[in-house]
Amino acid sequence: MENTKILVVDDDENICELLCLYLKKENFTTIIANDGNEAIECFEKFSPDLILLDIMLPKLDGWQV
């Protein structure tokens, strides 16, 4: 699991930081995106193994992503 990449997508920075704190403690690599467009860019650039995606996002919502 050491090289497992997780993309955390949420517009609430506190939620992202908290999730990443717990995930990093378990040796996951985390990437944060704060809107739908940024999520797509991060997905294409990093090819994460898992995406934690909020539905209500600015620009593109979770369903559009």
Side-chain angles (χ1 to χ4, degrees):
M1 281 199 252
E2 200 167 294
N3 293 324
T4 303
K5 296 177 282 187
I6 300 176
L7 174 57
V8 179
V9 185
D10 199 304
D11 57 331
D12 186 331
E13 292 180 20
N14 293 326
I15 291 174
C16 288
E17 288 179 25
L18 182 63
L19 284 171
C20 288
L21 179 69
Y22 284 111
L23 292 168
K24 286 179 183 178
K25 187 176 180 180
E26 298 298 326
N27 295 319
F28 292 103
T29 301
T30 59
I31 303 121
I32 295 176
N34 296 116
D35 63 54
N37 291 337
E38 189 178 353
I40 292 171
E41 290 172 13
C42 288
F43 176 79
E44 291 172 349
K45 184 175 181 182
F46 298 106
S47 299
D49 300 297
L50 177 72
I51 302 172
L52 299 176
L53 178 64
D54 184 21
I55 298 300
M56 302 206 36
L57 294 169
K59 298 181 183 174
L60 290 175
D61 67 28
W63 295 112
Q64 293 171 314
V65 172

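No option in Val9, Val65, Ile31, Ile51 other than Ile51 meets the side chain to side chain contact (heavy atoms under 4.5 Å, CB included) test with Phe43.
The residues Asp35 and Lys59 are annotated as salt-bridged, a charged nitrogen and a carboxylate oxygen being separated by less than 4.0 angstrom.
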Verdict with supporting geometry, Leu23 and Leu21, side chain to side chain contact (heavy atoms under 4.5 Å, CB included): CA-CA 6 Å; Leu23 292 168; Leu21 179 69; over 6 Å; no
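Expressed to the nearest 0.5 Å, how far NZ of Lys5 lies from CG of Leu50 amounts to 12.5 Å. Separating the SG atom in Cys16 from the CG atom in Asp54 is a distance of 8.5 Å, to the nearest 0.5 Å. Taking SG of Cys20 as the reference point, atom CD1 of Ile15 lies at 11.5 Å (rounded to 0.5 Å). In this structure, Asp10 CG and Glu17 CD are separated by 11.5 Å, a value rounded to the nearest 0.5 Å. The CD1 atom of Ile40 lies 8.5 Å from the CD atom of Gln64; values are rounded to the nearest 0.5 Å.
Between Ala39 and Leu7, the shortest heavy-atom contact is O-CD2, 3.7 Å. Here the shortest heavy-atom pairing between Asp11 and Pro58 reads CB-CD, 3.6 Å. The minimum heavy-atom distance linking Thr4 with Asp49 is given by the pair CA-OD2, 3.3 Å.
Note: the hydrophobic cluster containing Leu18 does not contain Val8 (ILVMFWY, side chain heavy atoms under 4.5 Å, direct or indirect links). Residue Ile6 is not grouped with residue Leu53 when hydrophobic side chains (ILVMFWY) are merged at heavy-atom distances under 4.5 angstrom, including chains of intermediate members. A single hydrophobic cluster is not seen to contain both Leu52 and Phe46; linkage of ILVMFWY side chains at heavy-atom distances under 4.5 Å, directly or through other members, places them apart.
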